[in-house]
Visitor: 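Before we start, here is the structure in question, set down as structure tokens.
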Amino acid sequence: MSSASLHQRPLHNPLNDPNPLSPPSSQTSQKSTSFLQSRTTLLLLLSLLVILGVFYPYIQFPQNGFLSYTSKSNPFESKWRDYSLPKAAAFVAKNNTLIVCIVSEAYLPFLNNWLISIVRHKHHEKVLVIAEDYATLFKVNERWPGHAVIIPPVLESQAAHKFGSQGFFNFTSRRPRHLLQILELGYNVMYNDVDMVWLADPFPYLEGKHDIYFMDDMAAVKPLNHSHGLPPPGKKGRPYICSCMIYARPTNGAKLIMKKWIEEMQIQPWSRAKKSNDQPAFNWALNKTVEQVDMYLLPQSGFPTGGLYFRNKTWVKETKGMHVIIHNNYVVGFEKKIKRFHDYGLWLADDFSSESPLGRLD
């Protein structure tokens, strides 16, 4: 029976009822209860639809299948989510040049340490941090507005911490794409890993107008007047250049290397059997384009690998005063890297954080 017909029933007159105190029939009671339950259910459904309509724009559906809530009403976060690489590059570049690093949240202490060393040589204003997660993007731009940008897609940053892992490969494999984008925008770009420290200004060492500049990753001592051409291939058929420090001009030659680097990464993807990173592919790209590109090997005395600087005290004494950028490689793990920097007086992030545009990061 419909609600309309219920309201059309004749009014009950207790004076005409032979037993006025008796309860209504069970059938009538059941129908009234059913009506009330249907009405309550309808109200609940309408309420849920209203709530869903309000909150649906703020609900994200990530690939792992779990719901996550984010407030898109936060104007600070919205501004930096929409901040593009062309805008960031135009804002940060000085003399058409950018200094770039690629950082996830776990590496923020190293970012700060590296930044302090750059501040001391007055080149920090041209630093652009390519953030690999939103936590890094927001933290850097909160303290140093405009100096961080994120380039989609965003990776799971926790997977990128362990050297040799697939996450680390995915993290580093984006490097040539980022650098190529910057070159396509027409900028000179210097790339640094953030486990590096500047002891001097590197720009005077970028002699000539070569397409690309890089440093050797070999610990064997070279003569001070060594060749600045690409070293000959080693036992694996390729040279051993470090992808940690690169300076490139927006020339066809530099762009060719980046494209070849991307291609080599695709040819040699990560696998459990071959836990590679981006550096072998970079060396193959250099080796295969050496006849087409103007390359320049930076002096070992100024740009030594960690395997030389931290392990050969005699060489360090002989080249004292020549060192420009020190790379804390040939050791794996955050704690070990920080300890080694501490041991050599190169960990600046604790005692000199006030010099950083980011301040102290705890």
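These numbers were taken from a predicted model, which means no experiment stands behind them.
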Visitor: To check you understand the geometry: which heavy-atom pair defines the closest contact between Pro109 and Ala349, and what is its length?
Guide: O-CB, 4.0 Å
Visitor: Looking at Arg249 and Asp211, is there a salt bridge between them, counting it only when a charged N and a carboxylate O are closer than 4.0 Å?
Guide: no
Visitor: Can you find a pair of side-chain heavy atoms, one from Val149 and one from Ser84, that are under 4.5 Å apart?
Guide: no
Visitor: Could you state the interatomic distance from NZ (Lys260) to CD (Gln292), rounded to the nearest 0.5 Å?
Guide: 8.5 Å
Visitor: If hydrophobic clusters are built from ILVMFWY residues whose side chains come within less than 4.5 Å, do Tyr330 and Met215 share one?
Guide: no
Visitor: Just by distance, no angles: are the side chains of His147 and Asn141 close enough, under 3.5 Å, to form a donor-acceptor pair?
Guide: no
Visitor: Determine, using the 4.5 Å side-chain heavy-atom cutoff (strictly less than), whether Trp144 and Leu108 are members of one ILVMFWY cluster.
Guide: yes
Visitor: Are Arg81 and Tyr134 in a cation-pi contact, defined as NZ or CZ under 6.0 Å from the six-membered ring centre and within 45° of the axis?
Guide: yes
Visitor: What I'd like to find out is whether the side chain of Leu180 reaches to under 4.5 Å of the side chain of Arg177, using heavy atoms alone.
Guide: no
Visitor: Would you give the length of the straight line joining atom OG1 of Thr289 to atom CG of Asp294, rounded to the nearest 0.5 angstrom?
Guide: 11.5 Å
Visitor: Do you know which two heavy atoms are closest between Pro250 and Gly186, and how far apart they sit?
Guide: CG-O, 3.6 Å
Visitor: So Ile262 and Gln266, side chain to side chain contact (heavy atoms under 4.5 Å, CB included) or not? Walk me through it.
Guide: CA-CA 6 Å; Ile262 294 167; Gln266 294 168 343; 4.0 Å; yes
Visitor: If you draw a 6.0 Å radius around NZ in Lys94, do more than 12 non-hydrogen atoms from other residues or ligands fall strictly inside?
Guide: yes
Visitor: Run the side chain to side chain contact (heavy atoms under 4.5 Å, CB included) check on Ile212 and Tyr247 step by step: do they pass?
Guide: CA-CA 6 Å; Ile212 191 166; Tyr247 181 79; over 6 Å; no
Visitor: Looking only at non-hydrogen atoms, find the nearest pair between Pro304 and Ile326 and report the distance.
Guide: CG-CD1, 3.8 Å
Visitor: Hydrophobic clusters here meaning ILVMFWY residues chained together by side-chain heavy-atom distances under 4.5 Å, can you tell me if Phe341 and Ile116 are in one?
Guide: no
Visitor: Is a donor on one side and an acceptor on the other found under 3.5 Å between the side chain of Thr319 and the backbone of Met322?
Guide: no
Visitor: If you count the non-hydrogen atoms of other residues, nucleotides and ligands that lie under 6.0 Å from CG in Asp343, is the total more than 12?
Guide: yes
Visitor: Return yes if a side-chain donor-acceptor contact under 3.5 Å exists between Ser117 and His121, otherwise no.
Guide: no
Visitor: Step by step, would you call Val92 with Val127 a side chain to side chain contact (heavy atoms under 4.5 Å, CB included)?
Guide: CA-CA 7 Å; Val92 174; Val127 168; 5.6 Å; no
Visitor: I'd like to know if the side chain of Asn74 and the backbone of Phe76 have a donor-acceptor N/O pair within less than 3.5 Å.
Guide: yes
Visitor: Establish whether Met218 and Phe282 are linked, either directly or via other cluster members, by ILVMFWY side-chain heavy-atom contacts under 4.5 Å.
Guide: no
Visitor: Are Tyr205 and Phe303 near enough that their ring centres are under 6.0 Å apart?
Guide: yes
Visitor: When rounded to the nearest 0.5 angstrom, what distance separates SG in Cys244 from CG in Asn328?
Guide: 11.0 Å
Visitor: Hey, is the main chain of Lys222 close enough, under 3.5 Å, to the side chain of Gln300 for a donor-acceptor pair?
Guide: yes
Visitor: Can you find a side-chain donor-acceptor pair between Asn283 and Glu264 that sits under 3.5 Å?
Guide: no
Visitor: Taking the side chain as everything from C-beta on, heavy atoms only, tell me whether Gln279 gets closer than 4.5 Å to Cys242.
Guide: yes
Visitor: Using the ring centroid of each side chain, check whether Trp347 and Phe110 are separated by less than 6.0 Å.
Guide: yes
Visitor: Looking only at atom types and distance, does a side-chain atom of Asn112 sit under 3.5 Å from a main-chain N or O of Gly359, one as donor and one as acceptor?
Guide: yes
Visitor: Can you classify the ring geometry of His123 versus Phe203 as parallel (below 30°), tilted (30 to 60°) or perpendicular (above 60°)?
Guide: tilted
Visitor: Donor-acceptor pair, distance only, cut-off 3.5 Å: does the side chain of Tyr83 make one with the backbone of Gly146?
Guide: yes
Visitor: Does Ile151 reach the side chain of Ile130, with side-chain heavy atoms less than 4.5 Å apart?
Guide: yes
Visitor: Side-chain contact test, heavy atoms from C-beta onward, threshold under 4.5 Å: evaluate it for Ile99 versus Leu128 and give yes or no.
Guide: no
Visitor: Spell out, as yes or no, whether a donor-acceptor pair under 3.5 Å connects the side chain of Glu207 to the backbone of Leu298.
Guide: no
Visitor: Rounded to the nearest 0.5 Å, how far apart are CZ of Arg174 and CD of Gln181?
Guide: 9.0 Å
Visitor: Has the side chain of Arg360 got a donor or acceptor atom that lies under 3.5 Å from a matching backbone atom of Asp350?
Guide: yes
Visitor: Does Tyr240 offer a backbone N or O that forms a donor-acceptor pair with the side chain of Asp217 under 3.5 Å?
Guide: no
Visitor: Would you please indicate if the ring centroids of Phe334 and Tyr107 are separated by under 6.0 Å?
Guide: yes
Visitor: What is the distance from atom CE of Met196 to atom CH2 of Trp198, rounded to the nearest 0.5 Å?
Guide: 10.0 Å
Visitor: Roughly how far, to the nearest 0.5 Å, is CG of Leu85 from CD of Glu184?
Guide: 11.5 Å
Visitor: Taking all non-hydrogen atoms of both residues into account, name the closest pair between Met295 and Ile257 and its distance.
Guide: CE-CD1, 4.0 Å
Visitor: Flag the pair His124 / Trp114 as yes when their ring centroid distance falls below 6.0 Å, and as no otherwise.
Guide: no
Visitor: Taking all non-hydrogen atoms of both residues into account, name the closest pair between Ala89 and Leu185 and its distance.
Guide: CB-CD1, 4.4 Å
Visitor: Is there side-chain contact between Ile325 and Met245, with at least one heavy-atom pair below 4.5 Å?
Guide: yes
Visitor: Flag yes if Ile338 and Leu348 sit in one hydrophobic cluster, no otherwise; membership is Ile, Leu, Val, Met, Phe, Trp, Tyr, and two members link when side-chain heavy atoms are under 4.5 Å apart.
Guide: no
Visitor: To check you understand the geometry: which heavy-atom pair defines the closest contact between Leu358 and Arg143, and what is its length?
Guide: O-NH1, 2.8 Å
Visitor: Would you say the ring centroid of Tyr344 lies under 6.0 angstrom from that of Phe310?
Guide: yes
Visitor: Take Leu346 and Leu199 through the side chain to side chain contact (heavy atoms under 4.5 Å, CB included) test and state the conclusion after the steps.
Guide: CA-CA 9 Å; Leu346 298 175; Leu199 300 183; 3.8 Å; yes
Visitor: Is there a donor in the side chain of Asn329 and an acceptor in the side chain of Thr305, or the other way round, less than 3.5 Å apart?
Guide: yes
Visitor: Please determine if Glu142 and Lys139 form a salt bridge, counting it only when a charged side-chain N lies under 4.0 Å from a carboxylate O.
Guide: no
Visitor: Please examine the side chains of Met190 and Val100, heavy atoms only from C-beta on, and report whether any two atoms are closer than 4.5 Å.
Guide: no
Visitor: Just checking, is any N or O donor in the side chain of Arg175 or Tyr191 under 3.5 Å from an acceptor N or O on the other one?
Guide: yes
Visitor: With Arg120 as the cation and Phe352 as the aromatic partner, state whether NZ or CZ is under 6.0 Å from the six-membered ring centre and within 45° of the axis.
Guide: yes
Visitor: Taking the side chain as C-beta and beyond, is there a heavy-atom pair between Ser227 and Leu297 under 4.5 Å?
Guide: no
Visitor: Can a donor-acceptor pair be found, under 3.5 Å and without considering hydrogens, that links the side chain of Thr97 to the backbone of Asn95?
Guide: yes
